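Presented below is the structure to which this report refers.
Computed over heavy atoms, backbone and side chain alike; hydrogens, waters and symmetry mates excluded. In this text the structure is predicted, and so the values were computed from the model without any measurement.
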Amino acid sequence: MRWRCSRPRPRRRVAMRNRDAELRIYGLNAVRAVFARRPQALRKLYLAEARIPQLKPLLKWCVAHRIGYRVVAEADLHKLAASAHHEGVVADVLREEPRPLSSWLRDLPPGPQCVLWLDGVGNPHNLGAILRSAAHFGVAALLLPKHSTLALSGAAARVAEGGAEAVPLVRLGHEDDSLAQLRGAGFQLAATVVRGGDDLFCTPLPLRLVYVLGAEGPGMSPALAATCDLRLSIPGSGAVESLNVAAATAVLLAQWAARAA
């Protein structure tokens with residue numbers, strides 16, 4: 001089927017856009033969130049016919065700004081998203097690069113703030129669930145270590161249900177410098193550990209807090225955990241070893257929000 005509208009063909013002297021600069025997202029809330037916050041990032045849109053009534057404002061914007069959109073069959077959406085969970089809409093959008101820590105701290109408003117430091121978290125579904133909880137509780141940012149390869153994927157954006165647009169990703173510099181910058185801005189760091197930490201529900205939490213989260217299995221770097229101001233554990237029945245990192249994040253954030261209120 002033909003494109004409903006198309007962008008002008010770029011001149012030969014303009015370099016081709018780097019494919020890594022684009023991200024294919026899918027899911028109704030994920031696509032709507034991009035359109036609501038940064039519509040200029042949209043590059044192409046594919047949708048099921050049944051979604052046209054719900055996406056009329058987006059389609060109108062595409063026509064006005066010469067962004068191609070295409071009505072396609074369900075099977076084509078499966079292929080485009082590489083997933084059955086596309087919810088009738090797929091979009092190619094410009095990827096938003098993580099901000100440097102220094103500029104993010106410069107623009108951070110005063111008052112209570114909670115931040116997540118992701119040390120080794122890599123599963124896209126966990127990342128998406130973390131972003132969803134972070135958006136729900138008003139987390140100020142997700143901090144990524146200097147050499148982390150973690151990046152938003154279509155699967156993570158879909159699981160986040162729009163949360164990926166609400167919580168900025170921030171790239172850290174050298175660990176010692178980043179720790180000094182965060183502490184200089186009034187933050188304390190809390191290592192979240194499966195066992196051996198202070199009881200989350202009985203420990204006073206600072207109003208400016210960085211929760212440090214490690215990957216499931218290996219956990220966080222022992223050296224990083226040793227530099228933190230607090231070590232926190234979520235008590236449980238013992239029937240299972242622990243919560244997964246995404247579920248634990250939701251509990252941690254709910255507790256901070258209750259204390260900061």
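- With hydrogens and angles disregarded, a donor-acceptor distance shorter than 3.5 Å links the side chain of Asp119 to the backbone of Ser221.
- A donor-acceptor pair under 3.5 Å is formed between the side chain of Asp229 and the backbone N or O of Leu189.
- Under a hydrophobic-cluster definition in which Ile, Leu, Val, Met, Phe, Trp and Tyr are linked whenever side-chain heavy atoms come within less than 4.5 Å, directly or via other members, Leu23 and Val159 are assigned to different clusters.
- Taken from CZ in Arg95 to CD1 in Ile25, the straight-line distance is 10.5 Å, to the nearest 0.5 Å.
- If you chain together hydrophobic residues whose side chains sit under 4.5 Å apart, Leu108 and Leu179 fall into the same group.
- Contact annotation: the side chain of Glu22 approaches that of Leu94 to within less than 4.5 Å [non-hydrogen atoms, C-beta and beyond].
- Contact annotation: the side chain of Trp104 never approaches that of Pro98 to less than 4.5 Å [non-hydrogen atoms, C-beta and beyond].
- Residues Leu232 and Tyr211 have side chains in contact (heavy-atom distance under 4.5 Å, counting atoms from C-beta outward).
- The side-chain heavy atoms of Val245 and Asn123, taken from C-beta on, include no pair separated by under 4.5 Å.
- Remark: the backbone N or O of Leu28 is paired with a side-chain donor or acceptor of Glu87 at under 3.5 angstrom.
- Proximity of a side-chain donor or acceptor of Thr203 to a complementary backbone N or O of Leu200 within less than 3.5 Å is not detected.
- Judged by distance alone, the side chain of Arg208 and the main-chain N or O of Val115 form no donor-acceptor pair under 3.5 Å.
- When all heavy atoms are compared, the tightest approach of Gln181 to Leu101 is OE1-CD2, 3.5 Å.
- Heavy atoms from other residues, nucleotides or ligands lying under 6.0 Å from NE2 of His78 number more than 12.
- Using a 4.5 Å cut-off on side-chain heavy atoms (C-beta onward), Leu213 and Leu252 make contact.
- Taking the side chain as every heavy atom from C-beta outward, Ile52 and Leu59 approach each other to under 4.5 Å.
- Taking CG of Leu105 as the start and CZ of Phe187 as the end, the distance is 6.5 Å to the nearest 0.5 Å.
- Under the 4.5 Å side-chain heavy-atom criterion for Ile, Leu, Val, Met, Phe, Trp and Tyr, Val194 and Leu116 are members of distinct hydrophobic clusters.
- Of the possible donor and acceptor atoms, none in the side chain of Arg171 sits under 3.5 Å from a partner among the backbone N and O of Glu97.
- Within the 4.5 Å cutoff, the side chain of Leu47 has no heavy atoms near those of the Leu58 side chain.
- Ala223 approaches Thr227 most closely through the heavy-atom pair O-CG2, 3.2 Å.
- Rounding to the nearest 0.5 Å gives a distance of 7.5 Å between CG of Leu230 and CG of Leu205.
- The CZ atom of Arg106 sits 6.5 Å away from atom CZ of Arg99, with the distance rounded to the nearest 0.5 Å.
- Shortest non-hydrogen contact noted between Phe137 and Ala257 is CD2-CB, 3.9 Å.
- Each of Leu143, Thr249, Leu127 was checked for a side chain to side chain contact (heavy atoms under 4.5 Å, CB included) with Leu118, and the lone residue meeting it is Leu127.
- The closest donor-acceptor contact from the side chain of Ser178 to the backbone of Gly173 lies under 3.5 Å.
- Rounded to the nearest 0.5 angstrom, Trp117 CH2 and Leu142 CG are separated by 12.5 Å.
- For CD of Glu74, the number of neighbouring non-hydrogen atoms (other residues, nucleotides, ligands) closer than 6.0 Å is greater than 12.
- The two residues Ala166 and Pro168 have their closest heavy-atom pair at O-CD, 3.8 Å.
- Across all non-hydrogen atoms, the minimal contact from Met220 to Thr192 is CE-O, 3.3 Å.
- Relative to the six-membered ring of Tyr46, Arg70 misses at least one condition, a distance below 6.0 Å or an angle of at most 45° to the axis.
- If you take CZ on Phe35 and CD on Gln40, they are separated by 11.0 Å, rounding to the nearest 0.5 Å.
- With a 4.5 Å cut-off on side-chain heavy atoms, Lys146 and Glu175 do not count as touching.
- Between Gln255 and Phe201, the shortest heavy-atom distance links the atoms OE1-CD2, 3.5 Å.
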